[in-house]
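Heads up, the thing below is written out as structure tokens.
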Number of protein chains: 2
Amino acid sequence: MNAASNAAPDAPGNGRAPTIRDVARVAGVSASAVSKVLRDAYGVSDDMRAKVTFAAQMLGYRPKTAARALRGRSYSIGVLTPGLGPFPTQIAEEINRHFAGSSYRTIIAIYGGDEHDETEGLESMLDRNVDGVILITPHIAVERLERFAASLPMVLVSRNGRGAHFDSVTDDGFAGAEAMVGHLAGLGHRRIAYISQSDQGLEPPYVLSSASREEGYAHAMADRGLAPWVVRASYSEDGGYGAACALLDADEPPTAIFAGADVAAFGVMRAAYERHVAVPAELSVAGYDNVFASGLHGVDLTTVDQASVGMGDIAARLLAERLDGRTEPKYEVVAPKLVVRGTSVPPRVE
Amino acid sequence: MNAASNAAPDAPGNGRAPTIRDVARVAGVSASAVSKVLRDAYGVSDDMRAKVTFAAQMLGYRPKTAARALRGRSYSIGVLTPGLGPFPTQIAEEINRHFAGSSYRTIIAIYGGDEHDETEGLESMLDRNVDGVILITPHIAVERLERFAASLPMVLVSRNGRGAHFDSVTDDGFAGAEAMVGHLAGLGHRRIAYISQSDQGLEPPYVLSSASREEGYAHAMADRGLAPWVVRASYSEDGGYGAACALLDADEPPTAIFAGADVAAFGVMRAAYERHVAVPAELSVAGYDNVFASGLHGVDLTTVDQASVGMGDIAARLLAERLDGRTEPKYEVVAPKLVVRGTSVPPRVE
DNA sequence: GTGAAAGCGCTAACAC
DNA sequence: GTGTTAGCGCTTTCAC
């Protein structure tokens with residue numbers, strides 16, 4: 001038989017799950033002693049530890065999180081994400097991996113898109129007594145975040161601006177977009193359009209990293225004496241498709257389209273294909289995020305990589321530090337890097 | 001100002017969060033009365049309901065899940081997934097959407113790959129008192145699943161075999177693979193290789209849907225008098241790449257490669273590209289799952305669609321029924337459908 | 001170093 | 001219909 005060896009026996013024995021009192025009875029000690037051993041609290045003899053550990057093992061005892069949470073910690077950390085797209089998914093997996101070996105468990109909840117929904121998500125994590133929370137691309141106003149963070153360890157991912165009570169980790173969207181414009185302009189493009197997400201209504205400097213990309217684009221264009229050309233769309237395949245259609249129908253269409261997210265760039269490519277505009281010969285396309293699909297042969301999208309630098313690892317480390325008692329805020333900015341692939345080439349001479 | 005309107009006021013007032021007793025005091029009633037109103041329990045007057053609702057609203061009261069869980073339900077349902085790949089992600093999002101309007105909250109935990117790790121994940125959900133659990137492609141032995149399911153509403157996704165205490169929803173992997181072989185053979189292919197995942201060690205009929213794909217392939221090949229040609233690899237881009245390399249190095253390489261997962265098919269395409277084997281002219285490629293990237297222009301992979309039929313919705317509905325008291329097991333099998341795209345064409349005449 | 005007692009916030013009997 | 005009481009399983013003073 002190939003049954004996996006596992007410490008706790010399968011059978012709960014009688015009916016209900018064993019409690020700390022059952023362990024205490026078997027070990028011949030008090031319940032509070034068991035509690036102390038289980039939490040590595042100070043002041044237990046080696047003998048006591050051995051007896052309790054043995055009894056717990058024998059009974060297949062597992063502490064109830066709900067009961068612990070009522071007095072102490074829940075040993076759960078919450079990850080809030082607006083969805084399970086490629087970027088948040090990578091972050092979440094890194095966080096999960098980081099805490100996997102610890103006594104904390106990671107629970108992921110999907111909430112977002114707007115402040116109201118995300119606030120509900122955050123409160124629902126609080127209801128569940130999480131010991132800390134990591135928010136991916138949060139749209140919540142900074143004052144409200146500060147209020148929550150005052151009593152709950154919190155780390156933000158992909159949002160700019162230094163917090164008083166929370167930590168942040170974000171990529172330098174401004175620099176990433178600048179680098180892409182530099183690349184495209186260096187190839188000789190002058191009509192470089194940018195597809196941006198609709199305004200999030202967040203007050204500077206606490207904008208999402210994706211918003212600072214637009215600033216980087218505008219700045220880089222102005223630097224080179226080029227006219228910025230921004231069109232707004234949601235960051236989805238359809239959003240990119242619609243924006244590209246509008247762009248390509250212009251009298252003088254752009255020679256390069258830079259989408260603020262890879263997934264929107266995919267829509268751009270579909271629009272170009274349908275209109276018989278050859279990519280990259282007639283139109284260069286670039287994205288941002290370097291999602292898995294972008295690297296696929298056949299897609300081969302020029303983009304900016306922010307995820308692979310391990311923002312999830314950093315976020316997890318920051319939260320772990322807070323769980324250990326740190327209270328001064330930290331703000332970490334990681335450098336994105338340009339990934340030049342096949343969809344960007346010099347424009348055709350006109 | 002554009003602050004979102006939200007029911008509960010922001011400020012907790014004084015220090016700690018309001019409890020049911022605070023609400024009771026403000027409303028001028030007893031704590032148990034408040035509890036009843038909050039849970040829509042039987043036997044409360046309209047007047048009482050109004051007073052309590054008002055007081056709760058005013059105080060921004062939110063029930064503590066930990067405390068509720070200690071006595072009754074936790075209003076949390078757990079989703080266990082081996083990772084956040086395209087398929088489980090879609091399932092999880094559907095489940096999340098399904099419960100979003102209810103009083104239940106969905107929490108996702110990543111565990112898996114082997115029985116030991118997944119069992120730990122399942123127990124950790126139990127520790128957290130979830131009211132029900134949905135397991136995506138679980139590798140846990142059926143006896144153990146039954147034992148857990150005896151006291152916890154449980155739904156399995158993508159695993160074959162009817163349970164006594166749990167529900168299942170799975171696609172008909174056998175039929176899906178058969179259909180693909182039919183398509184490929186219909187085009188004229190005779191040397192059709194199949195890339196399968198390593199054996200999971202699960203006892204029939206309780207195998208993962210992906211395992212029944214291999215049976216479907218073998219059956220369909222035999223039906224047509226063709227020799228099955230199976231190579232094992234992990235379902236990843238690298239796994240598919242390695243398997244394809246071995247296949248393409250054969251004296252008489254296959255004219256079509258059918259990978260049991262799209263992501264492996266991507267690796268096949270990379271291997272073909274590196275060896276200057278033209279797809280589809282010299283090699284047809286097919287996958288299974290119809291993930292987002294497969295539909296991208298530039299990838300255009302022929303595949304089998306199982307996810308879009310809403311297995312997540314079905315799983316959520318099944319769990320909701322159990323939460324409402326159903327105990328007879330249900331087993332739902334959804335029909336996969338062939339998606340013919342650009343990577344499959346007739347073989348070159350030899 | 002160890003145990004007894006109180007209580008976290010809520011729900012579930014049971015009286016009234 | 002409403003309030004009182006007890007207690008879920010654990011942690012935490014505080015005696016000893």
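These figures come from a predicted structure and were not determined experimentally. Convention: sequence-line order gives letters A, B, ...; per-chain numbering from 1.
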Students often get this wrong, so: under 4.0 angstrom with heavy atoms, is A:R39 touching a base, only sugar-phosphate, or nothing?
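Base contact.
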With under 30° as parallel and over 60° as perpendicular, where do the rings of A:Y104 and A:F99 fit, or are they tilted in between?
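The rings of A:Y104 and A:F99 stand perpendicular, inter-plane angle above 60°.
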Would you indicate, yes or no, if [N] has its OP1 or OP2 atom less than 4.0 angstrom from a side-chain nitrogen or oxygen of [X]?
| X | N | result |
| --- | --- | --- |
| A:S32 | D:dT11 | no |
| A:R71 | D:dT12 | no |
| B:S30 | D:dG3 | yes |
| B:Y42 | D:dT2 | no |

Side chain proximity check, [X] to [Y], heavy atoms < 4.5 angstrom:
| X | Y | result |
| --- | --- | --- |
| B:M311 | B:S158 | yes |
| A:V157 | A:V169 | yes |
| B:R39 | B:R68 | yes |

Nucleotide [N], atom [atom2] - distance to [atom1] of [X] in whole Å:
| X | N | atom1 | atom2 | result |
| --- | --- | --- | --- | --- |
| A:D46 | C:dG1 | CG | C1' | 12 Å |
| B:Y75 | C:dT11 | OH | P | 7 Å |
| A:M48 | C:dG3 | CE | C1' | 9 Å |
| B:K36 | D:dT5 | NZ | P | 15 Å |
| B:N129 | D:dC10 | CG | C1' | 12 Å |
| B:L70 | D:dA6 | CG | P | 18 Å |
| A:R128 | C:dC8 | CZ | P | 22 Å |
| B:I20 | C:dG9 | CD1 | C1' | 8 Å |

Nearest-nucleotide wise, let me know which of B:A67 and B:S45 is further upstream toward the 5' end of DNA chain D.
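It is B:S45, whose closest nucleotide lies nearer the 5' terminus.
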Whether over 12 other heavy atoms sit under 6.0 Å from A:R326 CZ:
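Result for CZ/A:R326: enclosed.
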